[in-house]
*Asks:* 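For reference, the structure I am asking about is given below.
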Amino acid sequence: MRILSRIVLLVFFPVISFAGIGDNPLLGIKSSAMGGTITSIGFDGSAAFYNPATMTFLKKNYINLGINYNSPKTVFLMNTGEKYYSSNSSNLPASLYGVFKFNDKVDIGLAINNPFQNNITWDKDWAGKYICISNKSSVRNIQPTISYRVNNKFSIGGGLMITMYQHQVSRALNYENASGDVIMNYDLKGSALGLNLGVNYNVKKWHLGFALRSGLNYKNAKGEATLENAPSSLVASGVLPSGNTEITSSIKLPSVISLGAAYELDENWLVTMDVNIFNWANIDSLQIQVANYDQYNFDIKQDLSGSYAIRFGAQYKYTKKLIFRGGFAFDLAPVLNTFVHPAYPENNKFTYTGGASYQLKKAFSLDAFIGYSDINERRETKNINNFNGTYKANAFIAGIGLNYEF
Amino acid sequence: MNFNWKIIAFLAITSIVSCKPDLDEPRYSSGEAVFTRFVSIGDDFGSGFSDGALTSNAQISAVPNFLSGKFQLADGGQFSQAYMQDGNGAGYDFINNSLVGSSYLSSYINCQNKSSFKILKTTFDNRSLDWLGAKYYNNYCIPGLKSFQAYSQFTGKSYPAGNIFYHRMASDTGTSGLSSTVLGDAQYLNPTFVMVWIGASDVYNYAFSGGAGEVGGLNTFDITPIDTFEAAINYIFDGLTGAGQQGIAANIPDLSVVPYFNALPFNGLKLTSQQASDLNAVSPPGINFVEGNNALVISEPTGGVIRQIKRGEYILNVINADSVSCGGWGTPQKPIPANYVLDSLEVSRISNRIAIFNSDIRNAAVSKGFAFFDFNRFMANLKSGYSFSGTSATSNMFYGGAVSLDGYHLTARGYAMVANECIKSINAKYQSNLPLVNTVDYSSVLFP
């Protein structure tokens, strides 16, 4: 109840703060069309990722291939009156899912996708160039999964997330020559294992689900920093490193708890609701350390709070071959005021989605969705980087997928 | 039916895809100030002077020019400057008494096989001596202008009788008599808002010459007499505020915050124990060296006496770390000449006058109800750093980013920072809401 009241509070007073940095929840085409609701009921192979327990209640075997598109656009109005737009920030995460009936009680599955992704690029000479020009990070996940049906109502499931992290950052250093700023490019890679567990309970027309994805801890991420446009005099005097320099970091991504419910109104109508809880609370900073050159570390100081997303969806079977879906979601950004960083200009986000599935042949169907995210305006007046102004963003999202069932 | 769906879907998708987020810019107001006609009067600091010269490029970064850019967002009018010809521009070498162009940074490998920097000067642009014709401008910040010269009828005459920078833009150069005056030309535009930033040349010409002039004189290298300065300040302020005009005034930095006099520390002579004992063997009584940092050896102005410099005395940036470590300067064999040194007596005279002049400027500003920018405090704070947009600047030579190669004037970025402090002060005084200058858009030091 307290959680509910807090959520209600956050909905109506979005100033306080709002899920998350680079979190990429819309990775199943069908569920994405329904605002991302999927924890209580599986639609296809994507069940392997969202709630492994729901796999055993699927009636068939599934293979799903999907491609998503999202293009967040951000505008920054600086306190000097200049306006800057982020550019070329589109992402194209692809996903592949499979679920197979091993026997009556056991299903096995595989999920290959990008559960976290962030991509923002600003102009090279924009006002925040010393903080961040571009920031691209992504997690690639391969997850073998198994689920077990305890009885006709209840199932459990689990998967091992084998993940790889990649992070590329570019920013200007505070030195210049006649042709412009010195640019430092950071390229970092890491790997980590995680667990994905779920339970599913189905009674009459109700479906309830609970899923937990563990946090990911890239303790020994490593890579290289390279320089562009470095004045030879500064390299000769050792102010700037010569050649490639080793970088290291320890990066944590939060655990996610999901609760879901779905209700079948009749044979054709299904309504769904999910809540995701992101545990950002212990993740307060991100630092990429440059060997022997601490002064050029890429450092994001943030004060993150736990964040939530609430999602609502509906599905309507128009004909045997055609299914319509719709939904909406809102995400609470975990970043507190005064800490907004141009690498992650997050804020509370409302997302509206719609989509459809069309059966092409008996075993093949096509899934598609489109959506729009409106990210609230956010004004920084006492930013810790002395970088004050107002951020506003939106994103167009879409996806198309091929569904094979047998 | 099918056809309509396609059109609707197409329109919906294209409208969503092409929709950029947007924000409305705030409305700017001048508050109680009237920026309609803005005129500035002063010396080097308001002219944009940088890297030892006034160039057309540097003039873009003149503080009054930054200010007028923001005034124009409210009720401000056009702001004209007497731009130099593109190129090296014009500057003055106080040590060699010669006209020069702007400086640039060059790197070389020093005697210790380390990469080091050298400041090179370009040649003086002779076109800087040409008169631009009988015109009026908004920026009357004239490099080298002393307070009392603002209303002298010699200032507009050709060099060397007059000031090069005023001569070229004077409304009347006085070819057959007396010239127009800086103050007179500034008044001609009937300003509604003024900036007064004068006084530094009244003291610093003496300091840059290593104390070559008199304390209390009217010649180039002298420190202006106190009563002359006070009268001049009052005359300038009165002359520009006859109709109750508003404005902003700024003061003079102290020696202790000017990098030119602080780039080489007094104990900048680093010695090994062997070097120390070798030097002790040839040193006169009273001079003693130890392993580590040692006070540099200087020669007194008269009598050929040499001694070690004391804390609180300054060495002009003509002598740098390479001159000491590679050139052997600052040892008994090669004492630093007196004209490159400000000794304790000279320092106390200079600091004392700066304090008096600053209080005169402050008093005049207060009595006229002006906004005030404490440049001296700004430079003092700059030692530890001034942060903006995820980075910072300090007053360190080269790497600090705010002070230009001459060690005294600022870089474009430094002047942008100053403009922002002025804007904050004006906003506070006159309840205006002018936005700040985007500091990162302006260059600091360009490295080779």
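A, B, ... follow the sequence lines: proteins, then strands. Residue 1 opens every chain. The model shown is predicted, which means the values in this text are computed figures rather than measured ones.
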*Asks:* Determine whether a donor-acceptor pair (N or O, by modelled atom type, separation under 3.5 Å) exists between the side chain of A:Ser233 and the backbone of B:Pro448.
*Replies:* yes
*Asks:* Taking the side chain as C-beta and beyond, is there a heavy-atom pair between A:Leu234 and B:Phe398 under 4.5 Å?
*Replies:* no
*Asks:* Checking heavy atoms, do the side chain of B:Tyr108, its backbone, both or neither come under 4.5 Å from chain A?
*Replies:* neither
*Asks:* Just so I understand: if I count every heavy-atom pair under 4.5 Å between each of B:Gly390, B:Pro21, B:Ser115, B:Ser116 and chain A, which residue has the most?
*Replies:* B:Pro21
*Asks:* Does any heavy atom of chain B fall under 4.5 Å from the side chain of A:Val239, the backbone, both, or neither of them?
*Replies:* side chain
*Asks:* To the nearest 0.5 Å, what is the distance between CG on A:Leu240 and CZ on B:Phe447?
*Replies:* 9.0 Å
*Asks:* State, yes or no, whether a side-chain contact exists between A:Met78 and B:Pro435 at a heavy-atom distance under 4.5 Å.
*Replies:* no
*Asks:* Kindly say whether B:Ser392 contributes a backbone atom to a donor-acceptor pair with the side chain of A:Asn174 at under 3.5 angstrom?
*Replies:* yes
*Asks:* Would you say B:Asn57 has more than 12 foreign heavy atoms packed within less than 6.0 Å of its CG?
*Replies:* no
*Asks:* For B:Tyr28, I'd like to know if atom OH has over 12 heavy atoms of other residues, nucleotides or ligands within 6.0 Å.
*Replies:* yes
*Asks:* Tell me which of these, B:Asn438, B:Val440, B:Leu436, B:Thr391, has more heavy-atom pairs under 4.5 Å with chain A than the rest.
*Replies:* B:Asn438
*Asks:* Using a cut-off of under 4.5 Å for heavy-atom pairs, which of A:Asn385, A:Thr80, A:Ile131 has the most such pairs with chain B?
*Replies:* A:Thr80
*Asks:* Determine whether A:Asn394 and B:Lys20 make a side-chain contact, defined as any pair of heavy atoms from C-beta on separated by less than 4.5 Å.
*Replies:* no
*Asks:* Taking atom CD of B:Gln78 as the centre, report whether more than 12 heavy atoms of other residues, nucleotides or ligands fall under 6.0 Å from it.
*Replies:* no
*Asks:* Tell me if a side-chain donor or acceptor on A:Glu176 pairs with a main-chain N or O of B:Ser443 at a distance below 3.5 Å.
*Replies:* no
*Asks:* Nearest 0.5 Å please: distance from the CH2 atom of A:Trp126 over to the CG atom of B:Asp441.
*Replies:* 12.0 Å
*Asks:* When rounded to the nearest 0.5 angstrom, what is the spacing between CG in B:Leu23 and OH in A:Tyr85?
*Replies:* 7.5 Å
*Asks:* Let me know if A:Tyr391 has heavy atoms under 4.5 Å from chain B in its side chain, its backbone, both or neither.
*Replies:* backbone
*Asks:* Measure the spacing between CD1 of A:Ile384 and OG of B:Ser387 and express it to the nearest 0.5 Å.
*Replies:* 11.0 Å
*Asks:* Heavy-atom cut-off 4.5 Å, strictly under: side chain, backbone, both or neither for A:Ala127 against chain B?
*Replies:* both
*Asks:* Is A:Phe387 close to B:Phe388 at the side-chain level, that is, under 4.5 Å between some pair of heavy atoms?
*Replies:* no
*Asks:* Which residue is it: A:Lys83, A:Lys392, A:Lys73? I am looking for the one with a side-chain contact (heavy atoms from CB on, under 4.5 Å) to B:Asp22.
*Replies:* A:Lys83
